[in-house]
Amino acid sequence: MTVRRDDVIAWIQAYADVIAENKARLTQLDSDIGDGDHGTNMDRGFQAVKAKVPEFADKDIGAVLKTVGMTLVSTVGGASGPLYGTFFLQAGSATAGKMELSLNDWIAALQAGVDGIIMRGKANLGDKTMVDALLPALQALKESASSGAGLPASLKASAAACEQGMLATVPLVARKGRASYLGERSAGHQDPGATSSHMLLQAAAESWSMLAD
Amino acid sequence: MTVRRDDVIAWIQAYADVIAENKARLTQLDSDIGDGDHGTNMDRGFQAVKAKVPEFADKDIGAVLKTVGMTLVSTVGGASGPLYGTFFLQAGSATAGKMELSLNDWIAALQAGVDGIIMRGKANLGDKTMVDALLPALQALKESASSGAGLPASLKASAAACEQGMLATVPLVARKGRASYLGERSAGHQDPGATSSHMLLQAAAESWSMLAD
Amino acid sequence: MKKLINKPEDVVKEALQAMASAHADLIKVHYDPNFIVRADAPVKGKVGILSGGGSGHEPMHGGFVGMGMLDAACPGAVFTSPTPDQMLEATKAINGGAGVLHIVKNYTGDILNFEMAADLAKGEGIEVEAVVTNDDVAVQDSLYTAGRRGVGVTVLAEKITGAAAEQKRPLKAVADICRKVNAQGRTMGMALTSCTVPAAGKPTFDLPEDEMEIGIGIHGEPGRTRMKLKTVAEITEMLVKPILEDLPFKSGDSVLAFVNGMGGTPLLELYVVYNELAKILGGRQIKIARNLVGSYITSLDMAGCSITLVKMDDELISLWDAPVKTPGLRWGI
Amino acid sequence: MKKLINKPEDVVKEALQAMASAHADLIKVHYDPNFIVRADAPVKGKVGILSGGGSGHEPMHGGFVGMGMLDAACPGAVFTSPTPDQMLEATKAINGGAGVLHIVKNYTGDILNFEMAADLAKGEGIEVEAVVTNDDVAVQDSLYTAGRRGVGVTVLAEKITGAAAEQKRPLKAVADICRKVNAQGRTMGMALTSCTVPAAGKPTFDLPEDEMEIGIGIHGEPGRTRMKLKTVAEITEMLVKPILEDLPFKSGDSVLAFVNGMGGTPLLELYVVYNELAKILGGRQIKIARNLVGSYITSLDMAGCSITLVKMDDELISLWDAPVKTPGLRWGI
Ligand SMILES: Nc1ncnc2c1ncn2[C@@H]1O[C@H](COP(=O)(O)OP(=O)(O)O)[C@@H](O)[C@H]1O
Ligand SMILES: Nc1ncnc2c1ncn2[C@@H]1O[C@H](COP(=O)(O)OP(=O)(O)O)[C@@H](O)[C@H]1O
Ligand SMILES: [Mg+2]
Ligand SMILES: [Mg+2]
Ligand SMILES: [Mg+2]
Ligand SMILES: [Mg+2]
């Protein structure tokens, strides 16, 4: 039960489509507590990634993820560009040379990616950022794996925890990013970055749900 | 049956109050086909005139009207400032030295004032300006006087003709002043200057209606 | 009405006080009657240049007082021509012995008040000439109207004429330069929104969220036609076409191209308009020799723009390039 | 959405093309990656100054490229930080051998992207320093936020730092001047209306006809408090008080006073604000040594203003007065 290079590419492409569909929704969330561009930013980046698929379709998974990261860094801008860019760059380093990923490989990739986001953005749990969705997702993934569940089940558990983390951002007062300028007024709104992060892991869970054992 | 100096002053003061009350209405008419300032302009001018009453209260009628004209010229601005200013300056010249006005004196004053407006503004009958209200008023005044009517009756006839002239501006397409820029779109609206002119002669008719014969 | 003001009737006076203190190195402000003069007025032996008009068009005209442009400006109430007494005092204050040029925008009020002022000034022995700007091609049938309005060309004429006066040319020659700029210039404007006159407290006209006015002036007058909002490429074409046809501007001409904001339109959008304008003129082999992009002759908070083209020759270009030092326009010094 | 645009996604590119053709004497524009450089870059032996940020704040930053101010500016998408590849290429293009200073407004996006760019540039052997501007006193509790936003001071710091670089001071000294201006400067802003991001197509926030936001940033973020509209005297007091208390500014201080329009506010109203500001400062014996009134750091079509004060000394004043020749700010040359 492994994730092959083409599965990774399928996941990235699926996520690009999810972002395109949810562009207005992400932008609306960002209008409420930010500057109203998160959907546009992510869509610009992932459309560029999609256009680059032919260039990296025959590379190893590490190279694929690194190219995704580089592309995001140079097309997204804003806070999410360097953050998601770093996520993919670090995940790419953790999977360098691999043509397929075991559950443990995926745990290592996600760990590296999330570490990269935290290293760059210095957000703590509870600051109302994408970290609030990603850290619980990573945690749930590890727990599911150590309890002996397989890849599809673990991905599902990870996406579910990610969703909980995302929803848990609603009551929080933001302490990082633009939303923090609103102070108390940021409470009562769901963080846009946490939302796009949940979409990312949800896309992985769905995209890889029927992988052969 | 004459109009004395104090009656003239009473008329001017009454008109100033009429303008103050109708400031918003005149401005609204000017918003429809002009630049939305006719009420403000006239009110600024006649409040200044009112403040000057103590200065000219002991002068002859010619001097009173000239001071009104000078004050309007230097406080109203726009098109109506020089036009109404000239009206009063010329009417003042026509009544120089007089302490009271017969019906014929008033005819001469109005004639001089209207001539002054036409000389300065070069508007013809039907151009949708104050001239469309003033010329019929002058005409009616003359006709009423030559038919032997007294001053109050003639003033009434004059004000009535002025009102008709004012109402007759509604369907016209403006050919002078700002309203002319609207072309056909100026039709269907009453001219603000014709409206303030009607108020002027209406105020005279009312203010001087109970003069002793 | 959303405005940064105290009482509507105090706006003009307070803005004058601010200009006096913000630009004390360039201008002086006189009150009752109100006018702005350059700090070193009168300049001996130089033709004095006076303009003026209603307020609400800032930086025009007060912001164009200074070396190389106007010697004085008379501000009226918002959208209301100033009065002859202001103009007379300003004319006297800037008469350096070479006479005074009045630059008057073609509106009945401005014309009548400047006429009275010129008569009074001549009565006091000052030589006065007047040039009337009337560049607005939106006004058709000028036989049946008060004639074309003076709009965007006024700014450019004030700059170029100011440079000619700075060279100590005689009154007649200075007036002729001004007439030439006006004769060779055409403007057309459009509005996305109405403006709100402070004393009126509400928009002069209503414009639905998906409509615009084409052929507006600078006083919140509605334009000649109202239509659905279009792309800036289409809008620019609609503004430029009547300008080009009217003079007409021809292949091989050099122009000064002026994209002006009406007060509520950000610079970003004005550049987008300029981009379309440059494409259209390029396609017709008309050369943009010089340009000006910004909000210089405004209509309070109106969103929208106007485009002005002036046909240029070497002399006009060198006068345009000459130094100017005013609060609103400055280069070369 | 009422805007003079074609497609929302083309606004930035089209505006860049317009700037390239309108200001060919001052700047050059590079595409893919996008950046604006002064026409004579790199200037040998001079510290290169690079700034950048999201678009929608015009004339900042692209309009401040030129002699005496910035050597280059990187425009991002509207309200979105530009990317490291743009910054890297711009840094290389303006490196005249004396190193490059990055002036970065304190936003997470700008900080992260400029950090990555600086790392890349250093990797290519270019000496880079970064100064972060963070002058917005509306952001309280900066421990619990991303810190104070960089706003109005950025414009003034770019001008003053540009003048220091023009004197061929070394990188460290140029960066120190920039840090000093930021340390001695404070800003507070307010909005009468929201702005509309072209790609979003509707106002970022709703503001009823009788309300305003106090303490807004420059990206259409709602402010910290919303309240009923007040007179400009009261509004100015509300903006100035936290500025004065924060540094604090004291009796006898000399300041550079900057009244900035947010994009949809006409100059007339900015002067009315300046009038109130001058009264308040005069009452506290704070001297306005220099001033700037106009729309220089905007938030698309937002109506509103910000006030910035920077405590000045003789050196900063002489750097402020030094010649500057950019599309957006020009004097002395
Ligand atoms: N320091 C940070 N660490 C982690 N995530 C952050 C940080 N700052 C902001 N974010 C995330 O970025 C999202 C906003 O991204 P986006 O709108 O694209 O960028 P910007 O805020 O520059 O406009 C936020 O919703 C938040 O989840
Ligand atoms: N040439 C003219 N001759 C006579 N009356 C005129 C002329 N031009 C304009 N008017 C009158 O002036 C009125 C407008 O006055 P006002 O609004 O105060 O000045 P402005 O048009 O300068 O704003 C018009 O309604 C019209 O009656
Ligand atoms: Mg955002
Ligand atoms: Mg009017
Ligand atoms: Mg008027
Ligand atoms: Mg952003």
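Each chain gets a letter, A, B and so on, in the order its sequence line appears, and its residues count up from 1.
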Look up atom [atom1] in [X] and atom [atom2] in [Y], then write down how far apart they are to the nearest 0.5 Å.
| X | Y | atom1 | atom2 | answer |
| --- | --- | --- | --- | --- |
| A/Gln28 | D/Thr204 | CD | OG1 | 9.5 Å |
| A/Tyr181 | D/Arg148 | OH | CZ | 11.5 Å |
| D/Gln86 | A/Ser74 | CD | OG | 9.0 Å |

[X] atom [atom1], over 12 foreign heavy atoms within 6.0 Å:
| X | atom1 | result |
| --- | --- | --- |
| D/Arg226 | CZ | yes |
| D/Asp210 | CG | yes |
| A/Met70 | CE | no |
| A/Lys156 | NZ | no |

Best-contacting candidate, A/Ala179, A/Gly177, A/Gly85, against chain D by heavy atom pairs under 4.5 angstrom
A/Gly177
Given the options A/Gly121, A/Pro82, A/Gly34, which has more heavy-atom pairs under 4.5 Å with chain D than any of the others?
A/Pro82
Taking the side chain as every heavy atom from C-beta outward, state whether D/Leu112 and A/Leu83 have any atom pair closer than 4.5 Å.
yes
Checking heavy atoms, do the side chain of D/Thr225, its backbone, both or neither come under 4.5 Å from chain A?
backbone
Salt bridge between D/Glu9 and A/Arg44, side-chain N to carboxylate O under 4.0 Å?
no
Side chain, backbone, both or neither of [X] within contact of chain D (heavy atoms, under 4.5 Å):
| X | value |
| --- | --- |
| A/Thr27 | side chain |
| A/Glu184 | neither |
| A/Val173 | neither |
| A/Thr86 | side chain |
| A/Ala174 | backbone |

Ignoring hydrogens, what is the shortest heavy-atom contact between [X] and [Y]? Give both atom names and the distance.
| X | Y | result |
| --- | --- | --- |
| A/Asp37 | D/Thr80 | OD2-OG1, 2.6 Å |
| D/Ala146 | A/Ser180 | N-OG, 3.1 Å |
| A/Gly77 | D/Thr83 | N-CG2, 3.4 Å |
| A/Arg178 | D/Phe79 | NH2-O, 3.7 Å |

Which residues in residues 185-207 of chain A have any heavy atom closer than 4.5 Å to a heavy atom of chain D?
A/Arg185
Under the side-chain contact (heavy atoms from CB on, under 4.5 Å) criterion, do D/Thr108 and A/Lys176 qualify, and how do the steps go?
CA-CA 8 Å; D/Thr108 306; A/Lys176 279 282 180 307; 5.8 Å; no
Greatest number of heavy atom pairs closer than 4.5 Å to chain A - which of D/Asp85, D/Val78, D/Val197, D/Asp110
D/Asp85
Residue pairs fulfilling salt bridge (Lys or Arg N to Asp or Glu O under 4.0 Å) with at least one residue in residues 10-26 of chain A, sequence neighbours excluded:
A/Asp17-A/Lys50, A/Lys23-A/Asp43
